[in-house]
Amino acid sequence: MSDLNGRVIVLGVSGGIAAYKSVELLRALQKKGADVFVVMTENALKFVGELTFQAISKHSVYTDVMKEDTPDKIRHIDLAEKADGVVIAPATANIIGKIANGIADDALSTMIMAVKAPVMICPAMNSWMYESRAVQRNLDTLSEDGFHIIDPDEGYLACNVTGPGRLPEPYYIADRVEAMLVRKDFKEKKVLVTAGPTVEPIDPVRFISNHSSGKMGYKIAEAFEKRGAKVTLVSGPVAIDPPYNTEVVNIKTADEMLLKCQERMENIDIIVKVAAVADYKIKNRAEHKIKKSEGGLDLVLEENPDIIKTLGKLKKPGQIFVGFAAETRDLEQNALKKLESKNLDMIVANEISGKNSAFGAEENKVTIFTKNMAPKILDMMDKKVLADLILDSILEIENDR
Ligand code: C5P
């Protein structure tokens, strides 16, 4: 479930070669549940047909400010009014210049003039045009006026030049449109999230680890980022793309995770430790690959540092520490014990045995325990939705102080 679900997004397309990617962006926004209306400039129509956008959006495309075929509505005002958000992709030097300077002479620029909702501008053009003083000045003006600007990617452009100017990938833009509309209730907060398993080597080719996929931790990091926090994600090896706009620190062992967390601990407001840290590591780790021999092999394990407990001892007033507890039995009893012994403010506990196991799954069922509030027993739900509820509970703790 996305924050764009049920929202109205107006997609503005201006006349650049990247206009073909706007069709994919329309689909990406729809996949997030948005109802998308398309507005095109005259030049955009020369790159991609109006019918393509109409067939996919299921709405007529707005292209001509002088063509009003619904007498009860003035279309540019109607679209501006119903938009929860607007994204212009690609935004040419021309449309950027018009909006920055208050010119409203076509369907898109006229509609933009009336919009009250947040607007995202995705410049895409030749690198030299993009770097020109006029375009940069206009982008600065738009930024000061509260428009959200997405930097273009660098790469090989249609004009045979390599440099900044490519329209970023549609799924990235759709994600940023979603982030634009999310409430920023963690603005300026510095957050450290750990995720995934740790991997403890036996020899150069073998290791012990666990089934953690990292999904829950990544969803939490993404939710914080969208809600305005500055996020550092210390992650064990996982098969998930790094979240946008997040510092990702990749580690393998629990010792490395502890070190990276300690280095960053000083200025952090909130720590959420979702990682499934291996409790033990190999004591006699072999320098070379262990050869097969008769009579089996004894591995000696020694305890890993308890990261959150170690950090908990250094906890400063105002910092919020959240832990996770994966239990196969006595959920409440074990969770409450950990809340106390690890000096946590909140613990998110889930049963990992049986059919409800959260490992690798898209859904999770948890109970949230805090020091002062009654436990929250939540239903089985999508990890993204759950991530937002966990963040809501963290806000409650903060407001309770
Ligand atoms: O493994 P356990 O159930 O004790 O984990 C509870 C919490 O403690 C989790 O948030 C986990 O990330 C954290 N933990 C840790 N260092 C360990 C073991 C667990 O920070 N060595």
Side-chain angles (χ1 to χ4, degrees), residues 9-29 32 36 38-50 52-53 56 61 63 85-109 111-113 115 118-180 225 241-246:
I9 300 298
V10 174
L11 167 61
V13 185
S14 60
I17 181 63
Y20 75 93
K21 288 190 189 171
S22 314
V23 182
E24 204 53 48
L25 174 57
L26 164 58
R27 292 289 297 124
L29 292 165
K32 286 180 175 284
V36 186
V38 180
V39 182
M40 297 175 78
T41 64
E42 220 172 289
N43 283 341
L45 288 164
K46 296 188 178 130
F47 287 97
V48 186
E50 178 181 345
T52 307
F53 286 108
I56 298 174
V61 176
T63 57
V86 178
V87 52
I88 305 182
T92 57
N94 186 41
I95 194 74
I96 288 168
K98 282 195 207 179
I99 302 170
N101 293 286
I103 296 168
D105 66 349
D106 62 11
L108 183 53
S109 54
M111 191 270 308
I112 287 293
M113 193 73 91
V115 167
V119 179
M120 177 172 288
I121 303 225
C122 306
M125 65 198 76
N126 163 274
S127 305
W128 303 328
M129 290 173 75
Y130 174 68
E131 284 163 351
S132 71
R133 289 178 64 183
V135 168
Q136 289 303 315
R137 189 171 57 237
N138 287 334
L139 286 172
D140 286 347
T141 303
L142 290 176
S143 191
E144 278 164 29
D145 287 351
F147 289 85
H148 299 250
I149 314 288
I150 293 286
D151 291 338
D153 282 350
E154 295 208 10
Y156 183 69
L157 306 173
C159 45
N160 300 332
V161 168
T162 301
R166 290 187 68 206
L167 187 71
E169 291 311 316
Y171 56 83
Y172 170 73
I173 299 175
D175 186 84
R176 294 297 86 193
V177 174
E178 182 184 352
M180 178 172 79
E225 190 277 328
D241 288 335
Y244 300 127
N245 198 21
T246 296

| note | In short, salt bridge (Lys or Arg N to Asp or Glu O under 4.0 Å) pairs touching residues 89-109 with sequence neighbours left out are Lys98-Asp105, Lys98-Asp106

| request: Can you see which heavy atom on Ala124 is nearest to which on Pro90, and at what distance? | output: CB-CB, 3.8 Å

| said: Please check this pair: side chain of Thr92 against backbone of Ser14, looking for a donor-acceptor N/O pair closer than 3.5 Å. | reply: no

| request: Using the salt bridge (Lys or Arg N to Asp or Glu O under 4.0 Å) rule, collect all pairs that involve residues 128-153, keeping only residues at least two apart or in two chains. | output: none

| remark: Of all heavy-atom pairs linking Ala28 and Pro170, the shortest is CB-O, 4.1 Å

| request: Please name the pair of heavy atoms, one in Ala19 and one in Phe47, separated by the smallest distance, quoted to 0.1 Å. | output: CB-CB, 4.0 Å

| said: I'd like to check the side chain to side chain contact (heavy atoms under 4.5 Å, CB included) partners of Ala44; sequence neighbours left out, ordered by chain and number. | reply: Val13, Met40, Thr41

| note | Here the ring pair (Phe, Tyr, Trp, His ring centres under 6.0 Å) pairs for residues 142-174, sequence neighbours left out, are Tyr172-Tyr244

| Test side chain to side chain contact (heavy atoms under 4.5 Å, CB included) applied to Ala89 - qualifying residues, sequence neighbours left out | Leu25, Val87, Cys122, Leu167, Ile173

| message | To the closest 0.5 Å, what do you measure between CD1 (Ile112) and CD1 (Ile99)? | response | 5.0 Å

| Residues two or more places apart in sequence or in another chain: which of them pass side chain to side chain contact (heavy atoms under 4.5 Å, CB included) with Thr52? | Val23, Val48, Ile56

| To the nearest 0.5 Å, what is the distance between CG (Leu108) and CG (Asn94)? | 10.5 Å

| query | Are more than 12 heavy atoms from other residues, nucleotides or ligands located less than 6.0 Å from atom CD of Glu169? | reply | yes

| Among all residues two or more places apart in sequence or in another chain, which pass the salt bridge (Lys or Arg N to Asp or Glu O under 4.0 Å) test with Asp241? | none

| request: Not counting sequence neighbours, which residues clear side-chain hydrogen bond (donor to acceptor under 3.5 Å, both in side chains) with Asn245? List them please. | output: Glu225

| query | Looking only at heavy atoms, which two atoms of Val86 and Met111 are closest? And how far apart? | reply | CG1-CE, 4.4 Å

| field | Crowding at CD, Glu50 (>12 non-hydrogen neighbours, <6.0 Å) | value | yes

| request: State which residues pass side-chain hydrogen bond (donor to acceptor under 3.5 Å, both in side chains) with Asn138; sequence neighbours excluded, sorted by chain then number. | output: Asn101

| request: Measure across Ala91 and Ile96 and return the closest heavy-atom pair with its distance rounded to 0.1 Å. | output: O-CD1, 3.7 Å

| query | How about Leu29 and Lys32: do any of their side-chain heavy atoms sit closer than 4.5 Å? | reply | no

| message | When you compare the side chain of Leu157 with that of Arg166, does any pair of heavy atoms fall below 4.5 Å? | response | yes

| message | Just so I know, are the side chains of Pro123 and Val135 near enough to count as touching, which here means a heavy-atom distance under 4.5 Å? | response | no

| query | Measuring from Ser109:OG to Ile103:CD1, what's the distance to the nearest 0.5 Å? | reply | 8.0 Å

| Considering all heavy atoms, the nearest Met113-Ala104 contact | CE-CB, 3.8 Å

| note | CG of Leu139 to CD1 of Ile121, rounded to nearest 0.5 Å, is 7.5 Å

| field | side chain to side chain contact (heavy atoms under 4.5 Å, CB included) against Met129, all qualifying residues, sequence neighbours excluded | value | Ala93, Met125, Asn126

| said: Check whether Gln136 reaches the backbone of Tyr130 with its side chain - one donor and one acceptor, N or O, closer than 3.5 Å. | reply: yes

| Taking only residues two or more places apart in sequence, or in another chain, which ones meet Tyr20 in a ring-ring contact (aromatic ring centres under 6.0 Å, His included)? | none

